[in-house]
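Below is one structure, written out as structure tokens, with a few remarks after it.
Note that these values count all heavy atoms, side chains included, but never hydrogens, waters or copies made by symmetry.
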Amino acid sequence: MAKDWSPESWRGFPIKQQPIWPDDGELERALKQIAAYPPLVFAGEARSLQSGLAQVAAGNAFLLQAGDCAESFDEFSANNIREKLRVILQMAIVLTYSMGVPVMKVGRLAGQFAKPRSSDFEMYGELQLPSFRGHIVHAEAPTEAARVPSPDRLVQAYHQSAATLNLVRAFTKGGFAALDRVHAWNQEFVASSPAGQRYDQLATDIDRALRFMRATGMDTETNPNLREVDVFTSHEALLLPYEEALTRRDSTTGSWYDCSAHMLWIGERTRELDGAHVEFLRGVGNPIGCKIGPTASGEEVINICEAINPARLPGRLTLITRMGADKVEDGIRPLLRAVRDAGHPVVWACDPMHGNTYTSASGHKTRDFESIVAEIEGFVRAHHAEGTWPGGIHVELTGEDVTECVGGADELSDADLDHRYESVCDPRLNGRQALELAFRTAESIRSAHI
Ligand code: PEP
Ligand code: CO
């Protein structure tokens, strides 16, 4: 157990990126309510994810972490969850089939609500408003009233997370994710794209392999490896009062786990060693992620490894680099060397989204599909050069037919962004772009590493 740590010890450290709740009494009441609710995940599940991630750290598996930038209270529906899951399963199949290694699937979902912001305020014409920090805090409408933080939203986020996780568990264990349904995951809007057609070919190959297995007498109907998948949950552990309220002692090991999700990560803006976020997350037993941006030095990264994972447990720590396409290759090589030479068994994952965001001529926050691919390619080249394993990707996507990122096989342009821009925060890949990205990622890794 971490030294001098308790679920509330973070309260003695400087904390960034927190909303200013208008009424402490109301906040306490909401937190008390959440603290009395059941955990959303169980410690044993977090440990099972950690052993999967240990395989990633060892170069024997791959991590696919994907979902919304910010989940929305308004876009909460079975349809939305199913489409997101469908595209994650499709990407995982492409990666598994092309690379021949297991893929650990971790959603940015069932709790990914709170957003850090570069500035405390944003401008709407002449109007200056507190920046939008996610539906767990307030509504995004550009009015003073909508932006007042409301603690009831913490409770609502808990309930939405529980319902989302319930549906994810039902889909992944109840037959939807069975391998003999790979064709059916290819929803129409995705299937008609070049990547969708390629996927269909791959699904046909898998069907043939399943028929072959059945012909040899194997029972493919009941084998759980072919009928069920594990999709784990994750989010940025930003609002520490909420995370503390869901932190429970595991009765089997006596250790503390943050039971709001299987995996929690620390954002680029809150990773100071002497800050509250590192203090809180060092003490919970879940697998932990940490975003690493272009300003991080090797020494800083080693210090994060020492703080979060002093016991050097493989799979405990995932370093998620988010450098920008033009900085990634030279930027991460010294970090890869430093961590490798220090003997820290980390998972390296590439977030090709957050270093490649820009405001387009039409005023939309967007990302170019080719820059996203280029960052992954640079990440893979850097790992190849240093003899380390490019363990995974961390992406923002939706299964829907949105127009938020430009490029891809459809060559979405700036003029198309107006058509269906729905993200409440950062621009996401749509279903077609996400599947195309899986093929491009697999090709890049296969040509360098396999
Ligand atoms: C995010 O993942 O949505 C995010 C805000 O990332 P970062 O902390 O890397 O900027
Ligand atoms: Co984001």
Side-chain angles (χ1 to χ4, degrees), residues 7 18-19 21-43 45-46 49 66-85 88 106-116 132-141 145-174 176 230-248 257-265 280 284 286 398-400 422-425:
Q18 303 300 295
W21 302 97
D23 181 332
D24 284 347
E26 263 185 51
L27 176 64
E28 282 317 307
R29 191 181 41 75
L31 294 172
K32 234 189 209 136
Q33 205 170 347
I34 295 166
Y37 286 159
L40 291 170
V41 303
F42 302 105
E45 297 175 313
L49 172 58
D68 279 308
C69 179
E71 285 175 280
S72 158
F73 282 4
D74 307 325
E75 300 290 315
F76 173 42
S77 70
N79 203 43
N80 197 302
I81 298 164
R82 190 187 55 241
E83 295 315 312
K84 204 169 306 159
L85 196 61
I88 292 174
V106 181
R108 281 177 68 116
L109 51 75
Q112 174 47 33
F113 292 104
K115 296 314 298 172
F132 176 60
R133 293 184 178 276
H135 282 166
I136 192 170
V137 175
H138 49 197
E140 83 269 28
R147 294 290 169 93
V148 176
S150 160
D152 286 345
R153 287 175 170 266
L154 295 166
V155 178
Q156 192 177 339
Y158 170 90
H159 289 303
Q160 183 167 324
S161 301
T164 302
L165 185 51
N166 183 53
L167 198 60
V168 168
R169 289 188 198 280
F171 279 140
T172 53
K173 305 294 173 189
F176 179 82
D230 288 323
V231 173
F232 296 95
T233 62
S234 70
H235 61 257
E236 177 172 352
L238 186 69
L239 301 185
L240 295 184
Y242 176 85
E243 303 300 336
E244 180 191 325
L246 281 164
T247 297
R248 312 290 162 82
Y257 282 82
D258 181 348
C259 299
S260 69
H262 299 110
M263 177 178 181
L264 287 316
W265 78 84
F280 176 72
V284 294
N286 313 57
T398 160
E400 306 289 328
E422 294 177 359
S423 177
V424 290
C425 196

Pairs touching residues 154-163 that satisfy salt bridge (Lys or Arg N to Asp or Glu O under 4.0 Å), sequence neighbours left out: none
Is there side-chain contact between [X] and [Y], with heavy atoms separated by less than 4.5 Å?
X    : Y    : value
D68  : V424 : no
H138 : P19  : no
N79  : R82  : yes
L246 : I34  : yes
L154 : I136 : yes
E71  : S161 : no
Y158 : Y242 : yes

Taking F232's backbone N and O only, do any of them form a donor-acceptor pair with E45's side chain (distance below 3.5 Å, no angle check)? no
Let's go through F280 and T247 carefully: what are the C-alpha distance in whole Å and the side-chain angles of both, what is the deciding distance for side chain to side chain contact (heavy atoms under 4.5 Å, CB included) to 0.1 Å, and is it a yes or a no? CA-CA 10 Å; F280 176 72; T247 297; 3.3 Å; yes
Among T233, L85, I81, the one residue meeting side-chain contact (heavy atoms from CB on, under 4.5 Å) with T164: I81
Could you list the residues that satisfy ring-ring contact (aromatic ring centres under 6.0 Å, His included) with [X], not counting sequence neighbours?
X    : answer
F76  : none
F171 : F176
H235 : none

Would you call D258 and R248 a salt bridge, using N to O less than 4.0 angstrom? no
Separation between [atom1] of [X] and [atom2] of [Y], rounded to the nearest 0.5 Å:
X    : Y    : atom1 : atom2 : value
L49  : N286 : CG    : CG    : 9.0 Å
E236 : F113 : CD    : CZ    : 14.0 Å
Q160 : L165 : CD    : CG    : 12.0 Å

Go through the steps for S72 and E140 under the test side chain to side chain contact (heavy atoms under 4.5 Å, CB included), then give the verdict. CA-CA 10 Å; S72 158; E140 83 269 28; 6.0 Å; no
Testing the basics here: between [X] and [Y], what is the closest heavy-atom pair and its distance to 0.1 Å?
X    : Y    : result
Q18  : L240 : OE1-N, 3.8 Å
F132 : R147 : N-NH1, 3.5 Å
N80  : E400 : CA-OE2, 4.0 Å
V148 : P22  : CG1-CG, 3.9 Å
S260 : L40  : O-CD1, 3.7 Å
A261 : S234 : CB-CA, 4.0 Å

With sequence neighbours left out, the residues meeting salt bridge (Lys or Arg N to Asp or Glu O under 4.0 Å) with E422 are R420
Going by the angle between their ring planes, with limits at 30° and 60°, are H135 and F73 parallel, tilted or perpendicular? tilted
Here the side chain to side chain donor-acceptor pair (under 3.5 Å) pairs for residues 21-33, sequence neighbours left out, are Q33-Y37
